[in-house]
There are 2 protein chains.
Amino acid sequence: MGGTRKSEIGDRMVKRLPLYLRLLREMRDRGEVYASSAALAKILEVDPIVVRKDLAGSGIGGTPRLGFPIDPLIKGIERYVGWSDATATVLAGVGKLGSALLGHTGFRDHGLQIVAAFDPDARRVGRRVSGVPVYATDKLTEIVRRLNVRIGILTVPQAVAQSVADAMIAGGIRGIWNFTTVQLVVPAEVIIKREDLAASLAVLSHRLHVK
Amino acid sequence: MGGTRKSEIGDRMVKRLPLYLRLLREMRDRGEVYASSAALAKILEVDPIVVRKDLAGSGIGGTPRLGFPIDPLIKGIERYVGWSDATATVLAGVGKLGSALLGHTGFRDHGLQIVAAFDPDARRVGRRVSGVPVYATDKLTEIVRRLNVRIGILTVPQAVAQSVADAMIAGGIRGIWNFTTVQLVVPAEVIIKREDLAASLAVLSHRLHVK
DNA sequence: TAGATTGTTAATCGATTAACAATC
DNA sequence: TAGATTGTTAATCGATTAACAATC
């Protein structure tokens with residue numbers, strides 16, 4: 001029932017990988033060479049066994065007494081998550097949230113490069129927002145196809161979310177990062193990742209109430 | 001090991017509740033009175049059994065042959081997640097992301113009302129952004145205490161994240177919605193909900209690579 | 001009464017945690 | 001050699017799925 005949701009290694013683990021990556025990069029920048037699972041675990045407030053399991057999944061082995069070699073480990077995790085080289089991405093909907101994401105410098109550290117943005121507003125088209133050129137939305141399919149882009153970020157108003165998603169898919173996009181609350185209807189081979197602020201908020205306020 | 005992470009009902013379920021809520025409100029607005037678990041399940045692409053389990057958790061029972069009464073169910077879920085009446089919230093860091101969140105109308109549907117924003121920039125202080133007054137950051141603790149606010153949204157630069165979080169907690173804030181990548185150090189009774197875009201992105205790009 | 005849907009109890013599945021042998 | 005840390009195998013835990021009785 002529902003879309004294709006199988007992936008040999010769990011999402012829970014994949015979600016932790018950016019944490020390791022961030023921390024390992026910091027350690028590398030401080031000149032450290034090895035990191036033990038216990039040290040990583042303590043900072044990230046997880047169990048050391050979790051760390052070892054996760055890192056094993058990344059393909060890089062550790063050395064008893066020393067820990068894991070930081071530099072190879074960083075490269076291993078990057079390769080594993082698919083962040084080795086920047087993936088070209090487009091963003092549709094240059095409103096407040098869209099502009100914020102365009103200005104988010106952290107994406108570069110996570111293998112994502114936004115190469116084009118789209119908006120229907122003539123006042124925005126032709127300009128650059130945080131260095132990214134803004135095109136008219138009706139050029140989306142064509143430009144996506146020409147640039148061979150596989151990931152699209154969707155920050156448009158609810159009303160046009162489905163049609164813009166359709167335009168992305170028509171251009172060859174395979175994964176959509178959906179910041180709207182619309183339940184998109186897409187072909188089975190397209191992967192949708194919803195970014196649901198309401199869900200996060202629910203977890204927070206529920207925990208506050210339970211206490 | 002680590003903070004207080006116990007909550008008698010799983011986060012997975014709590015995360016699904018906003019989906020039900022959104023859908024049920026739409027159905028109510030269309031004039032519908034009952035919703036069956038099968039109908040909800042089909043739209044949300046989950047199993048009907050999951051829906052029944054989740055809704056049972058909300059405390060509202062269904063009727064065989066009819067389904068669940070929409071209006072009581074909405075109220076039940078709202079009560080359950082703690083969204084019955086708007087919770088006062090503050091936001092610190094009126095940059096791009098902060099402004100986007102201040103303008104996010106959806107929060108009102110989720111029991112959240114941002115009553116004050118904080119920024120150190122003198123050009124922003126004293127103005128209103130999307131109707132929310134902006135105060136100087138050094139007034140944060142005082143205003144939070146006076147307004148008796150329990151939830152804080154953190155959209156400040158990494159460098160000041162910890163100190164602003166400290167100021168929030170000093171004012172009595174019990175839950176922080178952390179949009180930075182900083183691993184905040186807080187007392188055990190304070191709940192931190194990280195909003196990690198990198199983690200979401202990792203899941204998406206990993207799935208694309210696995211396929 | 002017949003049929004559809006709820007809600008509960010049991011079975012399966014996956015992830016986390018624990019125990020411990022292997023290794024530098 | 002002694003000691004610390006990895007990595008694997010087993011045990012526990014929680015969530016999902018399945019089966020089915022209860023109910024309108």
Side-chain angles (χ1 to χ4, degrees), chain A residues 1-3 5-17 19-20 24 27 32-70 72-73 76-77 80 199 202-203 206-207 210, chain B residues 1-3 5-17 19-20 24 27 32-70 72-73 76-77 80 199 202-203 206-207 210:
Chain A
M1 187 156 279
R5 200 140 306 166
K6 264 256 119 80
S7 80
E8 69 245 314
I9 297 127
D11 284 350
R12 307 282 266 282
M13 173 193 154
V14 174
K15 276 188 183 172
R16 284 189 297 263
L17 294 177
L19 291 176
Y20 299 128
L24 289 166
M27 294 173 86
E32 298 174 41
V33 178
Y34 281 89
S36 76
S37 62
L40 295 172
K42 195 177 180 190
I43 298 170
L44 301 177
E45 294 185 354
V46 295
D47 202 277
I49 305 172
V50 171
V51 176
R52 289 205 291 280
K53 275 253 170 70
D54 289 348
L55 298 189
S58 84
I60 304 294
T63 308
R65 290 276 284 165
L66 288 173
F68 294 82
I70 291 179
L73 192 52
I77 296 175
Y80 185 69
V203 172
H206 180 255
R207 281 196 195 145
V210 164
Chain B
M1 186 154 280
R5 201 139 306 167
K6 264 255 119 82
S7 81
E8 69 246 315
I9 296 127
D11 285 350
R12 306 281 266 283
M13 174 192 152
V14 174
K15 277 189 183 172
R16 284 190 296 262
L17 293 177
L19 291 176
Y20 299 127
L24 289 166
M27 293 172 87
E32 298 175 41
V33 179
Y34 282 89
S36 75
S37 61
L40 295 172
K42 195 177 178 190
I43 297 170
L44 300 176
E45 293 186 353
V46 295
D47 202 279
I49 304 171
V50 171
V51 175
R52 289 204 291 278
K53 275 253 170 69
D54 289 348
L55 298 188
S58 85
I60 304 294
T63 309
R65 290 274 286 166
L66 288 172
F68 294 82
I70 291 179
L73 192 53
I77 296 175
Y80 185 72
V203 173
H206 179 256
R207 281 195 195 145
V210 163

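Just so it is clear, the model here is predicted, and its values are computed rather than measured. So that the names make sense, note that chain A is the first sequence line, chain B the second, and so on, each numbered from 1.
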message: In whole Å, I'd like the distance from the CZ atom of Phe68(A) to the P atom of dT23(C).
response: 15 Å
- prompt: Expressed in angstrom and rounded to an integer, what is the separation of Leu44(B) atom CG from dT16(D) atom P?
  reply: 14 Å
field: Selection from dA18(C), dT6(D), dT17(D) that lies nearest to any side-chain heavy atom of Pro64(A)
entry: dT6(D)
query: Given atom CZ of Arg52(A) and atom P of dA15(C), what is their separation to the nearest angstrom?
result: 19 Å
field: Heavy-atom closest pair, residues Ser58(A) and Leu73(A)
entry: OG-CD1, 3.8 Å
message: Distance check needed: dT6(C) C1' versus Tyr34(B) OH, whole Å only.
response: 13 Å
Distance in Å, His206(A) NE2 paired with Leu17(B) CG, rounded so as to fall on 0.5 Å steps: 8.0 Å
- prompt: Would you say Ser37(B) reaches dT6(C)'s phosphate, i.e. side-chain N/O to OP1/OP2 under 4.0 Å?
  reply: yes
- request: Taking all non-hydrogen atoms of both residues into account, name the closest pair between Leu24(A) and Ile70(A) and its distance.
  value: O-CG2, 3.6 Å
task: Ignoring the backbone of Ile49(A), work out which of dT17(D), dT8(D), dT5(C) is nearest its side chain.
output: dT8(D)
message: With rounding to the nearest 0.5 angstrom, report the CE to OH distance, Met13(B) to Tyr80(B).
response: 4.0 Å
- prompt: The side chain of Lys53(B) lies closest to which of these nucleotides: dG3(D), dG7(C), dT8(C)?
  reply: dT8(C)
field: Any-strand Watson-Crick or G-U partner of dT8(C), both distances under 3.5 Å
entry: dA19(D)
statement: Taken to the nearest whole Å, CZ/Arg12(A) to C1'/dA15(C) is 7 Å
- request: Mind calculating the distance between CG (Asp54(A)) and C1' (dT8(D)) to the nearest angstrom?
  value: 15 Å
query: Does Ala56(B) or Leu66(A) map to a spot on DNA chain C nearer the 5' end, using the closest nucleotide for each?
result: Ala56(B)
- prompt: Nearest of dC24(D), dT6(C), dA18(C) to any side-chain atom of Arg65(B)?
  reply: dC24(D)
message: Does Asp54(A) form a side-chain contact (heavy atoms from CB on, under 4.5 Å) with Val46(A)? I'd like the steps, not just the answer.
response: CA-CA 11 Å; Asp54(A) 289 348; Val46(A) 295; over 6 Å; no
task: Calculate the interatomic distance between Leu55(B) atom CG and dT16(D) atom P; express it in whole Å.
output: 14 Å
- prompt: Just how far, in rounded Å, is P of dA15(D) from CG of Asp47(B)?
  reply: 16 Å
query: For dG14(D), which nucleotide in any strand shown is its Watson-Crick or wobble partner with both distances under 3.5 Å?
result: dC13(C)
